[in-house]
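Since the structure is predicted, the reported quantities are computational estimates derived from the model, not experimental observations.
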Protein chains: 2
Amino acid sequence: MGNITIRMLAKELNLSTAAISKALRDSHDISASTKERVLALAAKLNYVPNPYAGSLRRRKSKTIAVVIPEVANSFFSIALNGIEAVAIEKGYHTLIYLTHEKLAREKAILQDLQSGRVDGVIVSITLETTSGEHFRALASGQVPLVFFDRVCEEIETAKIITDDFTSGYNATSHLIECGCKNPALLSVSNSLSIISRRLEGYRQALADQGIKENPANIILCGNDPNENYALIQQVLKRKKRPDGIVATIENLTTEIYQVSEKLGLSIPQDLKVVCFSNLATVAILNPSLTTITQPAYEMGKTAATILFKALEKKSFLLENENIVIPSSLVVRHSTVREL
Amino acid sequence: MGNITIRMLAKELNLSTAAISKALRDSHDISASTKERVLALAAKLNYVPNPYAGSLRRRKSKTIAVVIPEVANSFFSIALNGIEAVAIEKGYHTLIYLTHEKLAREKAILQDLQSGRVDGVIVSITLETTSGEHFRALASGQVPLVFFDRVCEEIETAKIITDDFTSGYNATSHLIECGCKNPALLSVSNSLSIISRRLEGYRQALADQGIKENPANIILCGNDPNENYALIQQVLKRKKRPDGIVATIENLTTEIYQVSEKLGLSIPQDLKVVCFSNLATVAILNPSLTTITQPAYEMGKTAATILFKALEKKSFLLENENIVIPSSLVVRHSTVREL
DNA sequence: ACTATTTACTTAACCGGTTAAGTAAATAAA
DNA sequence: TTTATTTACTTAACCGGTTAAGTAAATAGT
């Protein structure tokens with residue numbers, strides 16, 4: 001650990017450690033000339049205060065934790081980018097924890113975070129998370145908690161989300177307007193609120209356009225690409241196969257394209273596709289992909305901003321509110337042949 | 001911060017704090033029955049030790065820092081994934097710092113990390129980094145430092161790299177074998193060692209295949225997508241335009257494809273393209289992209305493993321070594337029409 | 001000239017654990 | 001039975017800052 005301490009500065013300058021500490025924090029208690037001497041020596045010796053000593057005394061760590069399912073995912077990595085930008089600006093440090101969609105990991109991490117390691121936590125929950133019990137201790141304690149995107153509705157705190165119902169509605173309506181009679185929806189969870197809302201939007205769009213819902217067209221995918229490939233293939237081999245797909249998460253894109261290619265279905269003629277995706281490369285896919293693009297960076301940034309607002313107040317109370325940042329439908333060639 | 005302390009447990013059980021501390025760490029000093037009582041109460045009260053108190057005393061933080069240019073980038077996000085996996089397994093915490101390719105940020109971060117905040121650091125340097133001075137204090141101190149991918153050669157420590165020369169060589173040779181007479185290389189830095197090596201590989205391949213090097217075919221791109229687009233367009237509008245491109249970084253892919261489309265150049269007939277890329281979607285691009293795929297996860301994992309090897313020893317000396325994990329050329333339709 | 005206030009510090013407790021050193025009681029060895 | 005050792009703790013210093021409370025000297029006020 002860092003070797004040069006406030007005590008050494010004190011000895012060198014014949015001052016008390018208190019004087020050094022105050023000089024470094026620019027206290028009124030210390031004369032200008034002394035401050036100068038202290039700053040000069042600190043700079044010369046390249047003194048960097050031990051953060052944990054201060055954290056212990058002040059009971060503040062100037063650190064936040066970000067708990068997300070994956071980082072090798074464009075949505076989460078962009079959101080993390082937004083969070084980190086705010087944290088750095090505020091002089092905070094960012095601990096990153098990946099749950100890999102495992103509830104057990106999420107619980108273990110949240111348990112650890114009760115230690116005072118961080119001043120605040122930003123979470124996007126796993127696909128397995130159905131109860132919010134493990135968030136309760138944190139939220140009811142003095143550690144403010146903000147959810148983004150995949151939120152835990154039963155916990156009363158700030159939640160940064162996008163307009164999932166509308167997005168699901170728009171994606172589905174768009175497919176129908178493009179001529180789909182039998183659009184399917186690829187889901188990944190029956191519990192995640194964002195997925196439920198996208199599904200509700202899908203249903204409402206069907207209803208509004210007078211298409212009868214077919215339960216077989218709501219397909220629950222999983223985490224394994226191979227299994228998803230097999231599942232999608234099975235769906236697209238049906239006699240009355242879907243002529244459109246709304247994929248509620250990004251990582252289903254590759255499988256949809258690959259199965260279509262394998263089955264000789266051409267997109268968008270035989271199958272129209274809309275994905276929830278933030279990939280930069282969607283525009284150069286074959287064909288380019290119509291997407292619901294989520295405001296990932298903005299969501300991360302907003303989550304962090306709201307969190308710091310709570311941290312800067314003495315009361316750590318975060319209002320139970322949903323902050324909605326809209327997504328946008330970007331139409332490309334996977335739904336429309338000519339643009 | 002966490003409210004329940006070792007002192008409260010001590011009072012409750014009529015023991016000293018030392019006894020509690022030892023009981024929790026399963027010391028031989030404490031009787032089995034007492035340990036049981038302590039563990040039971042700790043569990044009941046959901047006691048989580050304050051990490052900073054321990055860090056201060058033991059001069060170990062059980063935390064590492066990862067300093068990378070960007071996280072919204074498939075290579076770095078996958079590498080971070082690998083690092084985090086090892087850290088979690090070892091019971092360590094991971095602080096993430098993004099430099100956004102700014103040397104000033106990198107310096108400020110490295111300065112802070114001398115504080116004892118972390119036990120070790122993993123870095124991939126910025127495009128602006130030419131000198132390693134700001135790494136010296138850390139490396140010469142007691143904080144072990146490991147570089148991965150974008151390494152700082154002048155610092156004597158462990159460096160996890162891929163076979164950049166060979167990759168550049170293979171990418172270029174592949175283009176030539178596919179019929180290119182005039183392959184260009186898109187660079188992003190004149191100082192970064194990995195880019196230099198890729199360039200050397202490119203040159204060697206030209207030499208071996210008897211193609212005279214054309215300096216105008218070595219193109220220095222930057223960080224701004226729009227500028228890169230303009231630059232690539234300018235190159236592909238030349239009378240004697242390149243018939244092949246080796247792109248040394250992933251984020252040039254979109255611009256290459258878009259310029260080609262705009263200029264009516266079809267890939268691979270008019271222009272063959274190989275990119276250094278870890279994007280999952282390369283297989284479904286239009287056309288699918290031939291890549292040099294770096295072992296991003298393995299590199300992150302190895303960097304972390306080497307770091308922890310040093311952390312687990314009493315001596316923090318990291319050998320000055322290059323650990324090379326090979327990349328692979330994956331041939332797809334951007335260089336070969338029929339596979 | 002004498003008290004009140006301000007200036008510029010110092011002292012010491014504190015944050016919450018860890019650990020070297022000490023100790024009383026129980027057990028083992030001689 | 002006496003001494004040596006082990007067991008199961010306690011005491012207190014320590015990590016490196018922060019900060020409430022105290023103090024001596026200088027300055028201001030009357």
Discussion item. With each end axis built from five pairs of C1' atoms, what bend angle do you get for the helix from C/dA1-D/dT30 to C/dA30-D/dT1? Round to 10°.
Written reply: 40°

Worksheet item: When you measure from the side chain of B/E106 to the backbone N and O of B/T126, does any donor-acceptor pair fall under 3.5 Å?
Response: yes

Worksheet item: Which whole-number value in Å describes the distance from A/I6 CD1 to C/dC14 P?
Response: 19 Å

Item to complete: Among the candidates D/dG16, D/dT18, D/dC9, find the nucleotide nearest to the side-chain atoms of B/T34.
Response: D/dC9

Item to complete: Scan B/S31 against the nucleic acid and name what it touches under 4.0 Å (heavy atoms): base, sugar-phosphate only, or nothing.
Response: sugar-phosphate

Worksheet item: Whole Å only: how far is the CG atom of A/L56 from the C1' atom of D/dT19?
Response: 14 Å

Item to complete: Tell me which nucleotide among D/dC9, D/dA12, D/dT18 gets nearest to the side chain of B/A18.
Response: D/dA12

Practice prompt. Take B/T17 and B/A32, find for each the nucleotide of DNA chain D with the closest heavy atom, and name the residue whose nucleotide sits nearer the 5' end.
Written response: B/A32

Fill in: B/P49 side-chain proximity, nearest of C/dT10, D/dT10, C/dG17
C/dG17

Practice prompt. Look at the side chain of A/S16 and decide which nucleotide, out of D/dT19, C/dT11, C/dG16, has an atom nearest to it.
Written response: C/dT11

Worksheet item: With a 4.5 Å heavy-atom cut-off, do B/I64 and B/I122 have their side chains touching?
Response: yes

Worksheet entry | Interatomic distance, A/R59 CZ vs C/dG17 P [rounded to whole Å] | 10 Å

Item to complete: Quick one: do B/D112 and B/R117 satisfy side chain to side chain contact (heavy atoms under 4.5 Å, CB included)? Show the steps, please.
Response: CA-CA 8 Å; B/D112 176 277; B/R117 189 181 295 281; 3.1 Å; yes

Worksheet item: Which of parallel (below 30°), tilted (30 to 60°) and perpendicular (above 60°) describes B/F147 and B/F135?
Response: perpendicular

Fill in: Interatomic distance, A/Y52 OH vs D/dC14 P [rounded to whole Å]
24 Å

Worksheet item: For the side chain of A/S21, counting heavy atoms from C-beta on, which of D/dT18, D/dT10, C/dG17 is nearest?
Response: D/dT18

Worksheet item: Separation of B/R37 atom CZ from D/dA8 atom P, in whole Å?
Response: 13 Å

Worksheet item: Is it the case that A/Q142 and B/N3 place a side-chain donor and acceptor less than 3.5 Å from each other?
Response: yes

Worksheet entry | Distance, rounded to the nearest Å, where A/K22 contributes NZ and C/dT11 contributes P | 12 Å

Worksheet item: With the threshold set at 4.0 Å, does a side-chain nitrogen-carboxylate oxygen contact exist between B/K22 and B/D29?
Response: yes

Discussion item. Whole angstroms only, please: what is the CG-C1' distance between B/N3 and C/dC15?
Written reply: 14 Å

Response to the item:
Of the listed D/dG17, C/dC9, C/dA20, the closest approach to the A/Y47 side chain comes from D/dG17

Discussion item. I want to verify a distance call: between D/dC9, D/dA13, D/dG16, whose nearest atom is closest to the B/R57 side chain?
Written reply: D/dA13

Worksheet entry | 5'-most by nearest nucleotide on DNA chain D - B/H28 or A/L24 | B/H28

Worksheet item: Is B/E36 atom CD crowded by more than 12 heavy atoms from other residues, nucleotides or ligands, each under 6.0 Å away?
Response: no

Response to the item:
Per atom distances to the B/A53 side chain, the nearest of C/dC9, D/dT19, C/dG17 is C/dG17

Discussion item. A quick test of your reading: do over 12 heavy atoms of other residues, nucleotides or ligands sit less than 6.0 Å from NZ of A/K35?
Written reply: yes

Worksheet entry | Selected nucleotide, minimal atom distance to B/L15 side chain, candidates D/dT10, C/dT10, C/dG16 | D/dT10

Worksheet item: In whole angstrom, what separates A/I30's CD1 from C/dT10's P?
Response: 7 Å

Worksheet entry | Pair of N/O donor and acceptor under 3.5 Å linking C/dT18 base with B/K60 side chain | no

